[in-house]
Amino acid sequence: MEVTPLLSADITLPLANFALAAEFTLRDNSITALFGHSGSGKTSLLKVLAGFDKTPGNNVRFKGQPWQDQQHFVPCHRRHIGYVFQQPQLLPHLTVLDNLRYAYRRRFHDDGPSIEELCRWLALDDLLSQYPGSLSGGQQQRVAIARTLASNPALILMDEPVSALDADSREEILNYLEQLHRRLSIAIVYVSHNIEEIHRLADDVIILQQGKIVQQGPVLELANLLDSPLHGRQHTLLEAEVCHYDSQWQLTTVNIGDNQTLQLSSHPTTIGHRLRLRIPASNVSITLAGGDNSSSIINYLDARIISIDEDDRGSALVRLDVQGQPLLAKLTRKSVHQLQLTPQQQVVAQIKGVAMLSDQARNISDASTL
Ligand SMILES: Nc1ncnc2c1ncn2[C@@H]1O[C@H](COP(=O)(O)OP(=O)(O)OP(=O)(O)O)[C@@H](O)[C@H]1O
């Protein structure tokens, strides 16, 4: 049975140097990243979804109802959308608490988080009596996110919400966004040109170039396509579920698929949490035999070789399949020939270091050698 998308859009909009032409859908309860270089049309697309201007020739349906087509135009205040911009745009003459109350009194639906819950989730209790002008950029953005959630919107549009923040504040806000996404069932469109943020947060991605969609789909698919603008530099992006924590050795075991697990050194993690992992290809090597206790490496995965691409600098990039999960390994050309590796061959991938991208990674030694 076909699932009705939360939102479907078919947008054509002439801009200064090109026309925006984008047809896409959004899934409910998911974060869809709009990714593209500066000037590719991301903000213009958000504005159409928001209904800021009555632009002809666009079709947008939300939960099956028209927001915009030839006969209809639902104005922005009736679309029940929440916004988080690069600049927090709080009401400067109101305290943090009154900013939240202001949004809460105007909330679109009654069922939603209370102000107390939002303050707890976003650690705002100590800031409630302060005015926005006395807060740091990161604190203001936390309040802005809480204020948006207080209005209990049906959809949230976030336009580069962390790009104006320093590295620590950005990290903090991304952690809060991850936790909120786990707690709240809400769809978010998240505009960014930062691959790292998208790898970490997004469920789906729409990639724009000069107003056109060049790729769209689940982030875990696109991030692992070598020719995708979303592909990190020879990394594999994986999603895993925490299934065990060994306090003696501070090792978290995560499940990455059928009977395939990895062990990562970490502070305690929550069983059942899903984590994003990034494995640099240079941290993956290949052996023809399984692991024994003669190596410091403890992560071994059964894998099948998909392809081997040798370059002219003595390296080879080997694409592996681990029970349906992709994995990249970077070897020397000499190793490929010594091991006589060929496509379809069953091998064992040894993984030396894994980076956790999720919130629990804050306490985790990145890319620990195991
Ligand atoms: N109201 C408008 N009318 C005509 N052209 C516009 C309008 N607004 C923006 N543009 C142009 O459309 C293009 C896309 O702009 P937009 O702000 O949507 O890109 P963006 O991907 O969000 O960029 P950035 O990441 O820098 O914010 C730019 O060339 C811009 O000059």
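In this chain, residues are counted from 1 in sequence order. Whatever order the structure lists them in is the order used to number ligands and atoms, beginning at 1.
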Tightest non-hydrogen contact, residues L230 and L222, listed as CD2-CB, 4.0 Å
Closest heavy-atom approach to atom 28 (C) of ligand 1 among P14, G211, G39 is made by G39
Among non-hydrogen protein atoms, atom 25 (O) of ligand 1 lies closest to K42 NZ, 2.9 Å
Is atom 21 (O) of ligand 1 less than 4.0 angstrom from some protein heavy atom? yes
Residue, atom and distance of the protein heavy atom nearest atom 7 (C) of ligand 1 read L15 CD2, 4.0 Å
Among L20, N17, T55, the residue with a heavy atom nearest to atom 29 (O) of ligand 1 is N17
Honestly, for E160 the part within reach of ligand 1 (heavy atoms, under 4.0 Å) is side chain
Original post:
Do N283 and R278 meet the criterion of a side-chain donor-acceptor pair at a distance under 3.5 Å?
Top reply: no
message: Would you say H273 and E178 are linked by a side-chain donor-acceptor pair, where the criterion is simply a distance under 3.5 Å?
response: no
Between L91 and R147 the two heavy atoms that sit nearest each other are N-NH1, 4.0 Å
shortest atom 27 (O) of ligand 1-to-protein heavy-atom contact is with T43 OG1, 3.8 Å
- Message: Quick check: do I298 and L251 have side-chain heavy atoms less than 4.5 Å from each other?
- Response: yes
Would you say S192's side chain and N194's backbone share a donor-acceptor pair under 3.5 angstrom?
yes
Q | Any side-chain donor near an acceptor of the partner, S8 and R61, under 3.5 Å | A | no
Numbered in order shown, the ligand 1 atoms found under 4.0 Å of a heavy atom of H37 are 21 (O)
Atom 19 (O) of ligand 1 has as its nearest protein heavy atom G41 N, 3.2 Å
Test of proximity, S38 against ligand 1: N or O pairs below 3.5 Å
yes
Report yes or no: do Q68 and R79 form a side-chain donor-acceptor pair below 3.5 Å?
yes
Note: heavy atom closest to atom 4 (C) of ligand 1, options A16, S163, G36, S44, belongs to A16
